[in-house]
2 protein chains.
Amino acid sequence: MLKITRKVEYALIALRHMQEKEKDELTNAKEIAEQYAMPVELLAKTLQHLAREKIVEAVQGPHGGYRIKKCLEDINMKDFFEKMEGPLGIMDCYFDSDCTLLPMCNIRTPIQRINESMRSMFENMSVGEITQ
Amino acid sequence: MLKITRKVEYALIALRHMQEKEKDELTNAKEIAEQYAMPVELLAKTLQHLAREKIVEAVQGPHGGYRIKKCLEDINMKDFFEKMEGPLGIMDCYFDSDCTLLPMCNIRTPIQRINESMRSMFENMSVGEITQ
DNA sequence: TTAACCCCGATCAATTTAATCGTAAATAGT
DNA sequence: ACTATTTACGATTAAATTGATCGGGGTTAA
Ligand code: FES
Ligand code: FES
């Protein structure tokens with residue numbers, strides 16, 4: 001309950017790893033995967049996802065790799081989570097079709113409040129802050 | 001990602017339902033399950049769990065049922081979540097054996113910060129606030 | 001003594017998450 | 001041009017978590 005996924009974890013670790021390098025220096029998936037004992041393929045996919053989101057830039061071919069593209073201070077964690085995993089809410093009903101599951105639900109309003117608190121907490125936190 | 005479980009949802013709905021009744025009035029599992037279209041057995045289990053935690057009181061036998069026991073304003077959501085689902089953290093490594101999974105993890109400290117934020121957010125929120 | 005409740009562990013099913021696989025496509029070095 | 005190294009990406013399989021059901025108990029009012 002209330003856990004983040006491996007994909008997000010791998011993404012953050014990779015970003016931090018890249019951030020510790022020179023600007024423009026490339027890092028390939030294998031290097032990161034080895035260093036942090038992650039399954040290469042899954043990390044690769046994660047990096048590809050980050051590239052699609054324009055957070056990192058990919059360079060193909062031998063000696064290729066990834067480098068950070070966007071300023072990480074400018075991305076907040078809520079957006080980051082949503083880019084990586086889709087809508088952020090403690091219950092699915094927060095989004096699609098207003099609580100269809102429990103038609104008589106009596107905790108709708110308070111649940112929305114919790115959702116807002118959580119979202120705004122992550123909104124006030126930048127990715128850069130996490131990866132330093 | 002970052003979702004609460006049905007068990008917690010059912011518990012909150014049940015508590016709110018009970019709170020709308022007279023103090024000391026009993027509600028049985030069947031009544032709640034029917035009203036909110038929940039599987040009786042799962043809700044029953046949830047109520048039993050609440051009883052074990054002394055949040056509600058169970059009365060056995062015919063015309064038995066449950067009633068709220070503890071003042072809900074006095075339980076914070078962090079404790080409530082932990083009573084219902086165990087340790088609360090966005091990553092397992094927050095608890096048992098410091099991040100054994102990724103020995104070289106480079107985001108330990110920031111992850112702890114996020115955990116603390118989340119925990120304190122839920123600590124400053126009472127169950128009563130949610131169930132009104 | 002029976003019917004209407006609660007109690008609880010064990011099991012099974014469904015969903016979600018994690019990991020792997022297979023096949024491109026790009027490109028630097030030769 | 002060929003080859004080795006790298007990213008790209010959908011499809012599939014495996015594992016873990018969550019949700020639901022089952023089967024056997026207790027308790028007690030009527
Ligand atoms: S079903 Fe959406 S808050 Fe209850
Ligand atoms: S493994 Fe615990 S924060 Fe990274």
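Per chain, numbering begins at 1; letters A, B, ... match sequence-line order. FYI, side chains are in, hydrogens and waters are out, and symmetry mates aren't considered; it's all heavy atoms of this structure.
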Atom CD of B:E53 and atom P of C:dC7: how far apart are they, to the nearest Å?
13 Å
Look at A:E31 together with A:K21 and state whether they make a salt bridge at an N to O cut-off of under 4.0 Å.
yes
What's the CE-P distance between A:M1 and D:dT18, to the nearest Å?
9 Å
Between B:E41 and A:A58, the residue closer to the 5' end of DNA chain D by nearest nucleotide is A:A58
Does any N or O donor sit under 3.5 Å from an N or O acceptor when you compare the side chain of B:K3 with the base of C:dT16?
no
Other residues, nucleotides and ligands only: do more than 12 of their heavy atoms fall within 6.0 Å of NZ on A:K69?
yes
Do the side chains of B:E116 and B:R113 get close enough for a salt bridge, i.e. N-O under 4.0 angstrom?
no
Sugar-phosphate, base or nothing in reach of B:A29, heavy atoms under 4.0 Å:
sugar-phosphate
Side chain of A:T5, heavy atoms from C-beta onward: which of C:dA18, D:dT18, D:dT5 has the nearest atom to it?
C:dA18
Distance below 4.0 Å between B:Y10 side-chain N/O and D:dT18 OP1 or OP2
no
Among C:dC7, D:dG10, C:dA3, the one nearest any side-chain atom of B:Y66 is C:dC7
So, B:K7 and B:H49: side-chain donor and acceptor under 3.5 Å apart, yes or no?
yes
Nearest-angstrom distance from the residue atom CG of B:L50 to C1' of C:dC8:
15 Å
Starting from the 5' end of DNA chain D, give me the residue, A:K45 or A:G64, whose nearest nucleotide shows up first.
A:G64
Nearest whole Å is fine: how far is D:dA16 C1' from B:D92 CG?
11 Å
Among D:dA20, C:dC6, D:dA8, which nucleotide sits nearest the side chain of A:Q60?
D:dA8
Let's see if you can work this out: which of C:dC7, D:dT6, C:dC6 has an atom nearest to the side-chain heavy atoms of B:A51?
C:dC7
Would you say a side-chain N or O of B:R6 is under 4.0 Å from OP1 or OP2 of C:dT15?
no
SB check A:E82 A:R119 (cutoff 4.0 Å):
yes
What's the OH-C1' distance between A:Y36 and C:dA18, to the nearest Å?
21 Å
I need the CD-C1' distance between A:E85 and C:dT17, as an integer number of Å.
9 Å
Between P on C:dA18 and CG on A:L43, what's the gap in Å once rounded to a whole number?
14 Å
Integer-rounded Å distance: D:dA8 C1' and A:R52 CZ
8 Å
Tell me which nucleotide among C:dT20, C:dC6, C:dT27 gets nearest to the side chain of B:N28.
C:dC6
On DNA chain C, compare the nucleotides closest to A:H63 and A:L42; which residue's is nearer the 5' end?
A:L42
